[in-house]
Amino acid sequence: MDKLQAEIDAISSQIEALQQEREQLSIGAASPDGDSPQAIAEAYRRHARETAQVSAEVKGIDDAIAALSAQLHQKTAAISKLAKTQPCRARSGRGKGAGAGTRGQDQRTRGRIGR
């Protein structure tokens, strides 16, 4: 269970790091180096290339976050399932006789109370 918790912590940390990286990605405005038509055209072409590159990076980050979130959900469900089954194992160690004896005693007691 400790191994699962360590994996969950690592996945959560990675998701947080990716989210911060995504927030820091930005595309600056197209700023031409001059007023000439060629300078303006080059500035907008450069801006388009940068936009495409940043968009691809954002998509990659979003895909990674989605995959890690699915993995996180799976491991969280697994640890939750383990947590539910471990107390049952501890209870089952008491043996079958403990439950059966009290059930019979309760039935006899109920019969006496009613009289």
Counting only N and O atoms by type, is there a donor-acceptor contact under 3.5 Å from the side chain of His47 to the main-chain atoms of Gly28? yes

I'd like to check the side-chain hydrogen bond (donor to acceptor under 3.5 Å, both in side chains) partners of Asp9; sequence neighbours left out, ordered by chain and number.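 Listed in chain order: Gln5.
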
Can you tell me how far the [atom1] atom of [X] sits from the [atom2] atom of [Y], to the nearest 0.5 Å?
{"X": "Glu16", "Y": "Leu68", "atom1": "CD", "atom2": "CG", "result": "12.0 Å"}
{"X": "Lys59", "Y": "Arg22", "atom1": "NZ", "atom2": "CZ", "result": "11.5 Å"}
{"X": "Asp33", "Y": "Ile40", "atom1": "CG", "atom2": "CD1", "result": "11.0 Å"}
{"X": "Leu18", "Y": "Ser13", "atom1": "CG", "atom2": "OG", "result": "11.0 Å"}

Please indicate whether Arg46 has more than 12 foreign heavy atoms, meaning atoms of other residues, nucleotides or ligands, lying under 6.0 Å from its CZ.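 More than 12 heavy atoms, drawn from other residues, nucleotides or ligands, come within 6.0 Å of this atom.
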
Exceeds 12 heavy-atom contacts within 6.0 angstrom, atom CG of Asp35: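 No, the 6.0 Å shell around CG holds no more than 12 heavy atoms from other groups.
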
Shortest non-hydrogen contact from Pro32 toward Ala39: CB-O, 3.8 Å

Give the minimum heavy-atom separation between Ala30 and Ala43, together with the two atoms involved.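 Shortest heavy-atom contact: CB-O, 4.0 Å.
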
Counting only pairs under 3.5 Å, give me each side-chain donor-acceptor contact of residues 73-81, with atom names and distances, residues two or more places apart or in other chains.
unit_1, atom_1, unit_2, atom_2, d
Lys75, NZ, Glu7, OE1, 2.8
Thr76, OG1, Leu72, O, 2.7

Taking side chain to side chain contact (heavy atoms under 4.5 Å, CB included) as the definition, give me every residue that meets it alongside Leu25, ordered by chain and number, with sequence neighbours left out.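 Listed in chain order: Val54, Glu57, Val58, Ile61.
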
